[in-house]
2 protein chains.
Amino acid sequence: MSVDEIRRRPSNTRASVLRAPGPCARWDDDNAAFIREILDLVGDKWSVLVIGTLADGPVRYSDLADAIPGVSQRMLTLTLKQLRRTGLVAREAFAEVPPRVEYRLTPLGASLLSTVLALAEWSAEHFAEIRGNQLAYDRG
Amino acid sequence: MSVDEIRRRPSNTRASVLRAPGPCARWDDDNAAFIREILDLVGDKWSVLVIGTLADGPVRYSDLADAIPGVSQRMLTLTLKQLRRTGLVAREAFAEVPPRVEYRLTPLGASLLSTVLALAEWSAEHFAEIRGNQLAYDRG
DNA sequence: CAGTATCCTCTGAGATACTG
DNA sequence: CAGTATCTCAGAGGATACTG
């Protein structure tokens, strides 16, 4: 899929209006909003860390909290809720004492994991280059 | 590169400390911070839209503003500054009247574009499924 | 045209305390 | 254990006006 196809992808929420031709390609409002929605999800402060933690199999709530440095209970709960709503993560509660709740990736979540992994790989590859650019820029 | 390799990738900022083994894999603090840094960049409200707009070649400041729905001058300027600092975007000013300034992707920026495109493609493929999940979740 | 400068608002998110 | 309920605050980001 090309950039332009994504930019112009017909919206299924309302008729998308092609803007008047200009000096460069323009984002259709709907598609810009849609991309932003996915990026909000992926770019969310904790989502990707949660997804990465669930890569190897089901994990309990408290183990998630331990595995992810710095996450608060509130944010972990909100993040999990959001991921469940999107269908990336499934929750299973066991009727035991003490209570046990496990979270795991759905197939959809697993497919996103591999995509996000490509981004992580890119980051790892260009880490040094980016740091160098930042230093050079900051020097003047 | 596997999830675990990314999770454990040795930091070049300070010695990374492997955490005590637990019930599930844990993120090393440094690597979690690094991934968050890249996701902050990519997940930024305007960055990806700017990068996508520059996909086809150099674009002037005011054309960028027109091409990206809803961006304010302030945010466009800040986003471009950030992208330049990271080395994803280059700026060229022409000594003319009226002044002309063009922005274009660097090779680094172009390589990120293709990676982000994979994410956009994933989004497009699973758009309907995600919307359905959200509806189902919201119903009860 | 291509930005800066300033003000202002509103939300993301941490800390803390409580509960089934 | 696995959450929820409040309080609080910094800062992301919009609107507007100004400038080289």
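Values in this document were obtained by computation on a predicted structure and should not be read as measured data.
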Q.
For a quick test of reading the model: is some side-chain N or O of B/Arg74 closer than 4.0 Å to OP1 or OP2 of C/dA2?
A. no
Q: Would you tell me if any nitrogen or oxygen in the side chain of A/Lys81 comes within less than 4.0 Å of OP1 or OP2 on D/dT4?
A: yes
Measure from the side-chain heavy atoms of [X] and tell me the nearest of [options].
X: A/Trp46; options: C/dC1, C/dG14, C/dG3; result: C/dG14
X: B/Thr77; options: C/dG20, C/dG14, C/dG3; result: C/dG3
X: A/Val101; options: C/dA2, C/dA13, D/dA2; result: D/dA2
X: A/Gln73; options: D/dG13, C/dA15, D/dA2; result: D/dA2

Q | First of A/Pro99 and A/Ser72 reached from the 5' end of DNA chain C, by closest nucleotide | A | A/Ser72
Q | Proximity to DNA chain D (any heavy atom under 4.0 Å), residues of residues 54-63 of chain B only | A | none
Q. So what does the secondary structure string of DNA chain C come out as, 5' to 3', with Watson-Crick or wobble pairs under 3.5 angstrom, [ ] for crossing and | for pairs with another strand?
A. ||||||||||||||||||||
How many angstroms lie between [atom1] in [X] and [atom2] in [Y], if you round to the nearest 0.5 Å?
X: A/Leu41; Y: A/Leu83; atom1: CG; atom2: CG; result: 6.5 Å
X: B/Leu49; Y: B/Leu64; atom1: CG; atom2: CG; result: 11.0 Å
X: A/Asp56; Y: A/Arg104; atom1: CG; atom2: CZ; result: 15.0 Å

Q. Do the non-hydrogen side-chain atoms of B/Lys81 and B/Arg85 ever get within less than 4.5 Å of each other?
A. no
Separation of atom [atom1] in [X] from atom [atom2] in [N], rounded to whole Å:
X: B/Glu102; N: C/dC1; atom1: CD; atom2: P; answer: 15 Å
X: B/Leu80; N: C/dA2; atom1: CG; atom2: P; answer: 11 Å
X: B/Glu92; N: C/dG3; atom1: CD; atom2: P; answer: 13 Å
X: A/Ile68; N: D/dA2; atom1: CD1; atom2: P; answer: 14 Å
X: A/Leu78; N: D/dG3; atom1: CG; atom2: C1'; answer: 11 Å

Q. Should the pair A/Glu37-B/Arg131 be classified as a salt bridge under the 4.0 Å nitrogen-to-oxygen rule?
A. yes
Q) So does A/Arg8 pair up with A/Asp28, basic N to acidic O under 4.0 Å? A) no
Q: Please say whether the positively charged group of B/Arg9, taken as NZ for Lys or CZ for Arg, lies over the ring of A/Phe127, i.e. under 6.0 angstrom from the six-membered ring centre and within 45 degrees of the axis.
A: yes
Q: Would you indicate what A/Tyr103 reaches in the nucleic acid, counting non-hydrogen atoms under 4.0 angstrom: base, sugar-phosphate, or nothing?
A: sugar-phosphate
Q.
The test is side chain to side chain donor-acceptor pair (under 3.5 Å); show your working for B/Thr86 and A/Tyr137 and say whether it passes.
A. CA-CA 8 Å; B/Thr86 320; A/Tyr137 185 97; over 6 Å; no
